[in-house]
Structure formats: C-alpha cells, structure tokens
A.B. asks: 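Got a structure for you, written out below as structure tokens; questions coming shortly.
Just follow the structure's listing: the first ligand is 1, and inside any ligand the first atom is 1. On a predicted model such as this, the values are computed, not experimentally measured, just so you know.
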Amino acid sequence: MPPIGIHDLSVATTHYALDLRELAAHTGVDVDKYRLGLGQETMSVPAIDEDIVTMAATAARPIIDRHGADRIRTVLVATESGVDQAKAAGLYLHPLIGLPATARVVELKQACYSGAAGLQFAAALCAREPDQAVLVIATDIARYDLDTPAEPTQGAAAAAILVTADPAIAELEPVSGIFSADVTDFWRPNYRSTAVVDGKLSITAYLAAAASAFTDYRRRGGRGFDDFAAVCYHQPFTQMAYKAHRHLLEGRGRAPATAALDSVLAATTHYNRVIGNSYTASLYLALASLLDHTPDLTDRPIALLSYGSGAVAEFFSATPAPGYHQHLRTQAHHDALAQRKPLTYDHYRTLHRTQTPTDGAHHTLPEDTNAPFRLAAITSHKRIYKTRQPNELRSRLSHFSQTRGVRPGCDGSGGGFGGSACGGMR
Ligand code: COA
C-alpha cells in the first residue's frame, strides 16, 4: 500500500480580531491572565457576513486551485458550529469552490474532535482506492457567553486538508490511540448559539482523555515520546498544550523542564495564540504553525492529540515527507493573520449579540468581510452565499488597506439587520 496522508494544508480565519488587551481593559482582568495564564493574545471574530461556510471555502479554494477537484470523491466537513440541522455545510461549499457532483459530501460532529475522525476516514478511503482524494475541512466559530471566564477563549478559523496517497506534506501513520467516554464538560444544546462549559471539568477531562488515548496508542505499538520532533495538541488556549504535555510526561514518571516543553511545543502555538480557539480546526492550526515555523522536519515524526469534549480523544502521528517545505502556504497564512481588522470592544459586543434572523423574511446582509466568499442574504430561511470576482476582491482589498482601522458607521453603536452595516450574526 502506498503511504497516505496530507497532500495539502490551508488555513483561513476571519475579517476581524479582538486584542485581549482591549478585552482586559473592559473586564478589569489583569491582561497577564490572558497572555501568560492562558497563552492568548488576540482572538479572531467573524464579520456579519462570515460563517463556517465562508471560512471553509476560503481555506479550501487554494487547494482546488492548485490540485483541481477531479480526484475528490469525498468531502468531510468537521464542525460543531454547523449552520443547518439537516443539510451538510459541505453542500453550501459545493458551488463556491467547484466541487464535483461525483463527490460524496457529509458533515461530522463531535465537539473539537471530529476533524481527526475525518482524517482517519479519509485515510481509509484512500487506502481502498489510492487514486481518489478526500477533502477534509475543519471549520468552527468558538463562541461563549459574554462576561464569562470562557470569553477570552473564543476564536474562529478553518483548516482544509487534502488527503491522498503519496502525500506531498506528511504521511499519516496507521497506529492511533483512542479514548471515548460520556462526559458533560462542554456542550451546545440545539436551541443555543453559545456553548455551555464547565471550564475546570473540561481541563481535567481533556488531561484524563489524552493520557488514556496515549496509553492505547502505546499498547497498539505506537512510538514513545522521545521519537517525536514535536507534539501538536488541540489548543483551546495555548497553555493547554503545555498542561497536557506535562501531564502525559509526568504520568510516565518524567518531570519536564520548561525549556524541554518549549522545544516540542512552542512552534505549534503561533497561530492559535493569535486566533483563539477554533474548535475542530485548532489542532490543524497547530500543525500548520509547526510546519510553517520550523526549518526542517523531514522524516521526523510529529505527534497529534485531538480532544473533543463530550468526550473523545485520539493520539496519532504524521511524518513530514521529503520536499514538504515547497508545498506549504506559510506566506498566505501570515497574510490572513496580518489582514485582520482590529475590533473595538463595543463593536465586538455588537457582533457577538446579533443573532441569525429566524422569521423567514428576506434579510440582505451588509458587505463587511473582505474575504473571497460571503454570506450575502438569508431569505425564506435559505442561506445565500456569494463569490467575489478577482477584480472585485482586489479593489476591495486596496480600498481596505487605505482605510484600515476607519470604517464610518462601525463604532459599535449599530446592530441587527436592515438598518446598520455593523450588525453581526452567526
Ligand atoms: N498573571 C498570570 N497568570 C495568571 C494571572 C495573572 N495575573 N491570573 C491568573 N493566571 C493564571 C492562573 O493561575 C491559571 O493558570 P493555571 O491553569 O496554570 O493554574 C490561568 O491563568 C487561568 O486562570 P483561571 O483562574 O484558572 O481561569 P478561569 O477559571 O477564569 O478560566 C478556563 C479558565 C480555561 C476554565 C476558561 O477560560 C474556560 O472555561 N474556557 C473554555 C473551556 C476550555 O477552553 N476548556 C479547555 C479544555 S477543552
């Protein structure tokens, strides 16, 4: 059987970012709690006309542009902030990025974990039919109630991964360790737009699940920690990676120094530190960060630990392929971060408070994002997405760079639909 794994990896995030110093100035919390205690600096916040579909399309389109869509036989969208209870988000993506009619499309849900399930399903499909490619997209908006301890751990991003045989970026190794149990540490009932979380329980549940998944991985013949050049953890906040790695090592009688933790973790945290939690996408942002910020990892195994509250954890590994550097999207990832627009606290709260209309009437959404895809309207309960043409996108970005930081009418005083260009929705 040929090696199977990650042939391409592309990350996208939102139009806006909230600096946690701005949040701290209003909550009265010492900003060091956010920056040092949680390991977070800013968090991505979606514009009024962005959602998990627009982020997914923005992440996936460069992959289609590079490789075409003909070989894609399956599209798996992993998300816990889906836009519909019945229709898969991947079907909204279909016309936006030109997916073939001969690809099966399905949505996967299990809190922050389902992207790892997507990768494993994709690897199995490629093993059965090595000519096919599977597009796995992890896309989420992490959203908690305002004025709660979870508020600084919000964020949003999408990671699109093309899985194939003979992958250009990294081979997924077949051994994996799994742990599943019924735990109520984080959940979102159908009637809520924000998650409910028992924060302290979610941390202990994560640590326990990670340890059990690693034990299962070892029992099944997996590698020891010293074999890994780096370890990518699910990062609801980046200090969680440090907590988890320390926990796993201490469980094996080792007491790691901070420098030793940094050597396998620091490079995995750059994107999550400034994007915030992105639920399913977070682990793959850690992988992208590691690959984009490490000189050479060729043939050096990397561990990945996925955790999704509820709870499922999986410990698996990937080994970068010779020449993988030529296939990375480092500059595009840095551009996506640099192009985000800083939010004021008031504007952030306005975006947070605005809800998706539920009345079935026609709602045209104001143009807010500069992304190539936007949610343009909701009409008769249908979501209408639009693709921006390259010339429209260029002129918008050039206008944006001239007026960066100044958007008349967007001072946070507006909100809702119909009247203001500054409302927000999910
Ligand atoms: N300077 C530096 N560090 C500080 C600090 C300061 N002024 N004030 C607090 N801290 C540290 C704390 O000591 C703590 O570090 P520790 O975890 O190493 O003990 C850390 O900052 C967080 O402080 P804490 O009081 O524990 O935070 P909290 O109870 O307000 O909330 C979460 C933290 C993560 C529980 C909360 O943000 C949350 O519920 N998030 C969503 C759920 C989540 O992300 N779960 C993770 C697993 S999935």
A.B. asks: In Å, rounded to the nearest 0.5 Å, how long is the span from CZ of Arg349 to CG of Leu18?
C.D. replies: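 So the gap between those two atoms works out to 11.0 Å.
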
A.B. asks: Going by a strict under-4.0 Å cutoff (protein heavy atoms only), does atom 34 (C) of ligand 1 have a neighbour on the protein?
C.D. replies: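 Within 4.0 Å: yes, protein heavy atom nearby.
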
A.B. asks: Give a yes or no on whether a salt bridge exists between Asp30 and Arg35, defined as a side-chain N under 4.0 angstrom from a carboxylate O.
C.D. replies: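 No, this pair does not count.
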
A.B. asks: So between Lys200, Arg246, Lys243, whose heavy atom ends up nearest atom 24 (P) of ligand 1?
C.D. replies: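 The residue whose heavy atom sits nearest atom 24 (P) of ligand 1 is Lys200.
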
A.B. asks: Does His293 form a ring-ring contact (aromatic ring centres under 6.0 Å, His included) with His334? I'd like the steps, not just the answer.
C.D. replies: CA-CA 11 Å; His293 297 96; His334 289 182; 5.1 Å; yes

A.B. asks: Taking 4.0 angstrom as the limit and counting only heavy atoms of Tyr144, give me the atoms of ligand 1 inside it, by number and element.
C.D. replies: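 By the 4.0 Å cutoff, the relevant atoms are 41 (C), 42 (C).
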
A.B. asks: May I ask you to list the atoms of ligand 1 that are less than 4.0 angstrom from any heavy atom of Asp32?
C.D. replies: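 Result: 1 (N), 2 (C), 3 (N), 6 (C).
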
A.B. asks: Which of these, Lys33, Met240, Gln40, Arg35, has its nearest heavy atom closest to atom 27 (O) of ligand 1?
C.D. replies: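 Of the listed residues, Lys33 has the closest heavy atom.
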
A.B. asks: Taking the six-membered ring of Tyr92, is NZ or CZ of Lys87 closer than 6.0 Å to its centre and within 45° of its axis?
C.D. replies: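 Yes, Lys87 and Tyr92 form such a contact.
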
A.B. asks: What do the steps show when you test Tyr279 against Phe186 for ring-ring contact (aromatic ring centres under 6.0 Å, His included), and what is the final call?
C.D. replies: CA-CA 11 Å; Tyr279 293 162; Phe186 163 109; 5.4 Å; yes

A.B. asks: In this structure, are over 12 heavy atoms from other groups packed under 6.0 Å from Phe225 atom CZ?
C.D. replies: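 Yes, because the 6.0 Å sphere around CZ of Phe225 holds more than 12 heavy atoms from other groups.
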
A.B. asks: What are the atoms of ligand 1, with element, lying closer than 4.0 Å to any heavy atom of Pro149?
C.D. replies: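 The list of qualifying atoms is 30 (O), 31 (O), 36 (C), 37 (O).
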
A.B. asks: Is there a heavy atom in Glu151 that sits closer than 4.0 Å to ligand 1?
C.D. replies: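 In this structure, Glu151 fails to qualify as a contact of ligand 1 - no heavy atom is under 4.0 Å.
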
A.B. asks: Just distances here: any N/O of Thr153 and N/O of ligand 1 closer than 3.5 Å?
C.D. replies: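 Yes, there is a polar N/O contact under 3.5 Å.
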
A.B. asks: Residue-level breakdown please: for Pro236 versus ligand 1, do any non-hydrogen atoms fall below 4.0 Å on the side chain, on the backbone, on both, or on neither?
C.D. replies: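 Only the side chain of Pro236 comes within reach of ligand 1.
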
A.B. asks: Tell me which protein heavy atom sits closest to atom 12 (C) of ligand 1, plus the residue, atom name and distance to 0.1 Å.
C.D. replies: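 Ranking protein heavy atoms by distance from atom 12 (C) of ligand 1, first comes Gly37 CA, 4.9 Å.
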
A.B. asks: Any atoms of ligand 1 less than 4.0 Å from a non-hydrogen atom of Val197? List them with their elements.
C.D. replies: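 In order of numbering, the contacting atoms are 42 (C).
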
A.B. asks: Only heavy atoms of Phe237, strictly under 4.0 Å: list the atoms of ligand 1 that pass.
C.D. replies: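 The atoms of ligand 1 under 4.0 Å from a heavy atom of Phe237 are 34 (C), 44 (O), 46 (C).
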
A.B. asks: What class does the angle between the rings of Tyr233 and Tyr206 fall in, given that below 30° is parallel, 30 to 60° is tilted and above 60° is perpendicular?
C.D. replies: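 Taking Tyr206 first and then Tyr233, their aromatic rings sit tilted (interplane angle of 30° to 60°).
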
A.B. asks: So for ligand 1, is Ser309 a polar contact partner (N or O within less than 3.5 Å, distance only)?
C.D. replies: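 Not met; the criterion fails.
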
A.B. asks: Can you report which non-hydrogen protein atom sits closest to atom 39 (O) of ligand 1, along with the distance?
C.D. replies: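 Going atom by atom, the protein heavy atom closest to atom 39 (O) of ligand 1 ends up being Gly199 CA, 3.3 Å.
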
A.B. asks: With a cutoff of 4.0 Å, is Phe186 in contact with ligand 1, counting heavy atoms of the residue only?
C.D. replies: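 Under 4.0 Å: no for Phe186.
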
A.B. asks: Would you mind reporting whether Leu20 and Met43 have side-chain heavy atoms less than 4.5 Å apart?
C.D. replies: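 Heavy-atom side-chain distance check passes, below 4.5 Å.
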
A.B. asks: Flag the pair Leu38 / Gln239 as yes when at least one side-chain heavy-atom distance between them is below 4.5 Å, and no otherwise.
C.D. replies: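 They are not in side-chain contact.
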
A.B. asks: Only heavy atoms of Asp30, strictly under 4.0 Å: list the atoms of ligand 1 that pass.
C.D. replies: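 Atoms satisfying the 4.0 Å criterion: 7 (N).
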
A.B. asks: Check the pair Thr42 / Asp19 against side-chain hydrogen bond (donor to acceptor under 3.5 Å, both in side chains), numbers first and verdict last.
C.D. replies: CA-CA 4 Å; Thr42 51; Asp19 193 316; over 6 Å; no

A.B. asks: Do you see a protein non-hydrogen atom under 4.0 Å from atom 46 (C) of ligand 1?
C.D. replies: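 Yes.
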
A.B. asks: Taking both backbone and side-chain atoms of Ser202, is any N or O found less than 3.5 Å from an N or O belonging to ligand 1?
C.D. replies: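 Yes, there is a polar N/O contact under 3.5 Å.
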
A.B. asks: Parallel, tilted or perpendicular: which fits the ring planes of Tyr217 and Phe228, with parallel below 30° and perpendicular above 60°?
C.D. replies: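 Answer is tilted, since the angle falls between 30° and 60°.
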
